[in-house]
Amino acid sequence: MVRDREFSKQTLLVLATLCARPQGWRHGYDIARETGLKSGTLYPILMRLADRGSLEACWEEEQPVGRPRRHLYRLTSDGLARGTAALAEAPAAVGMAERQRRAVAGIARSGA
Amino acid sequence: MDRRNRAIAWLARCSVRVVPAERREWAQAVWAEAGEVPARARLFWVAGGLWLVAKEAGMVRRIGYWLGVAALAVAAAVVISLVWRGAPVAPGFRSVSLRAISTGAAGVYVDPRTTGEYRSLAIATVLLLAALPWVARRRGVFGPVSDNATARMVRVGGCAAICVLVLVLARLAQTLGENLGTRPSSPEGAIRMGVITAYLAATCAVTALRWCPRGATRLGEEERTVIAAVAIFVGFGLLLVDPAWWLITAYAAGFLLVTARGSRLAPATLAFGAGGGVAVALIWYLAASTERHFLESNPWLVPVVFVMAFATPAAAGAAAARRIPERDDPQALRRECFRQSVTAGMLTGATASLLITISVLGTMVVDHLQFNPHSTGVYLAVLLLGPLLGTIMGTISGFVVSERRSPPRPEGWPVQTPAPAPPTI
């Protein structure tokens, strides 16, 4: 029997991060920091999610001072439903994302 | 903007241009945030961005393709050099084998006694060398390669195996004074044949790696008919004149055929077929290895090896047929199961025969073992009977599996019609 595995462990991490604040737009480095994924892993995942219609992306509307405009991401309603369902079947990914988030928050506090 | 950020911005501008337009904004997104990444992690971020660009731009495949093209150019130069400096045509040498063609091509230039027949053969050689890359890339019977990794691996692996076989034959002819053909030849002729065939095989392998551009010209029905007729005519001509070369050509054509996009074979079929063949060859070689004396010390292994030779193509065919997804039309499902099973069995037999022949003859060359010229027919028979046996076993298992998956309805059996949809309120 062929196992139909829809999402990899890394994709579940990304979904867990995006599902935590489904209404807010996130940028790539922000997601990378929370998931601990490198850009070479993160962006192909984001591209696949966007290709499947699970993710919407846009550029920042206004040009900020001192840095280029960011590319922003948010789950679509379909992506949110699929992500929530997938995460319900793989609670370990949610725990891992949560631990990563706490670790990042800890580093940020100690840095401050 | 500091020097590092300027360098990143420059890198971004350069790299984004090579990415296809529909993916360009993703590459831009990576570079847009590189400046915000802390200095200690920026190198990894940039490296990831470069990897993304390389992957999206298909650069790995492009680099592999152009390296292959360069290797082919060198091989072609060697071929031309060998042909140019070749020996004059011997009087009475009239066989239409590739060896004769290459010798004839040389003779066109170096021997004023060359006949019109050899001039024609020389032109045929040039056309063959020029047309093969075109044939393997165009949409048609032999190409382009199916868009999956299994088909590419089987095509490249098959071409490489044929290449090795021809080089082994050439080396055998050179060192032992005997080739697999039915008549003796000079070592130079065998080497020339080996180099030319290596060129052909490498061309097929490289064209397999080349991505077929969208909108490539599709061959028409008439063109395909003409090509098939010419191929069959030339094939039978070579069979009568030079069985060894005919078999090698048939194997090359077979590997191109089953891995072409038009064959519509499932990747699993190719994987089971080629994998089964490799397994049979490996077990056979280990069992028959003269150093280990397995078969001599364990006579009961002989029937086991024979049973395995019969059972593996059948198993590969059955496994391939079982992987076909369900269809609405039971007849279509039966046909598809049967087709995939037969092909998997044939591929198992062909792969096993090819590898067994290479391993036996290669061992002789490496170990300088005595080669009995009278055993030539045995290896030709292995190359001929292997795919035949595989096809028979694949046919049997295909028949069994297709019957089980879609049993035929008895005559007069009422055709099931879908239940009418409930009325909407």
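Letters A, B, ... are given to chains in the order of the sequence lines, protein chains preceding strands, and every chain is numbered from 1. Computed from a predicted structure; not experimentally measured. These values consider heavy atoms only, across backbone and side chains, with no hydrogens, waters or symmetry-generated copies.
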Which one wins on heavy-atom pair count under 4.5 Å against chain B: A/L72, A/D51, A/L42, A/T41? A/D51
Pick from A/R67, A/M47, A/H27: which one has the most heavy-atom pairs with chain B under 4.5 Å? A/M47
Can you tell which part of A/L46 gets under 4.5 Å to a heavy atom of chain B, answering side chain, backbone, both or neither? both
Rounded to the nearest 0.5 Å, what separates atom CD in B/E56 from atom OH in A/Y43? 13.5 Å
Looking at [X] and [Y], what are the two nearest heavy atoms and their distance?
| X | Y | result |
| --- | --- | --- |
| B/A32 | A/W59 | CB-CZ3, 4.3 Å |
| A/S39 | B/F44 | OG-O, 3.9 Å |
| B/W45 | A/A32 | CZ3-CB, 3.6 Å |

Before we go on, tell me: are the rings of B/W26 and A/Y73 under 6.0 Å apart, centre to centre? yes
Any ring pair (Phe, Tyr, Trp, His ring centres under 6.0 Å) pairs touching residues 313-344 of chain B, not counting sequence neighbours? none
Can you confirm whether B/R322 is buried at CZ, in the sense that more than 12 heavy atoms of other residues, nucleotides or ligands lie under 6.0 Å from that atom? no
Is the count of non-hydrogen atoms from other residues, nucleotides or ligands lying under 6.0 Å from A/E61 atom CD greater than 12? no
Interface moiety of B/R23 toward chain A, non-hydrogen atoms closer than 4.5 Å: side chain
Honestly, the part of B/Q28 sitting under 4.5 Å from a heavy atom of chain A is both
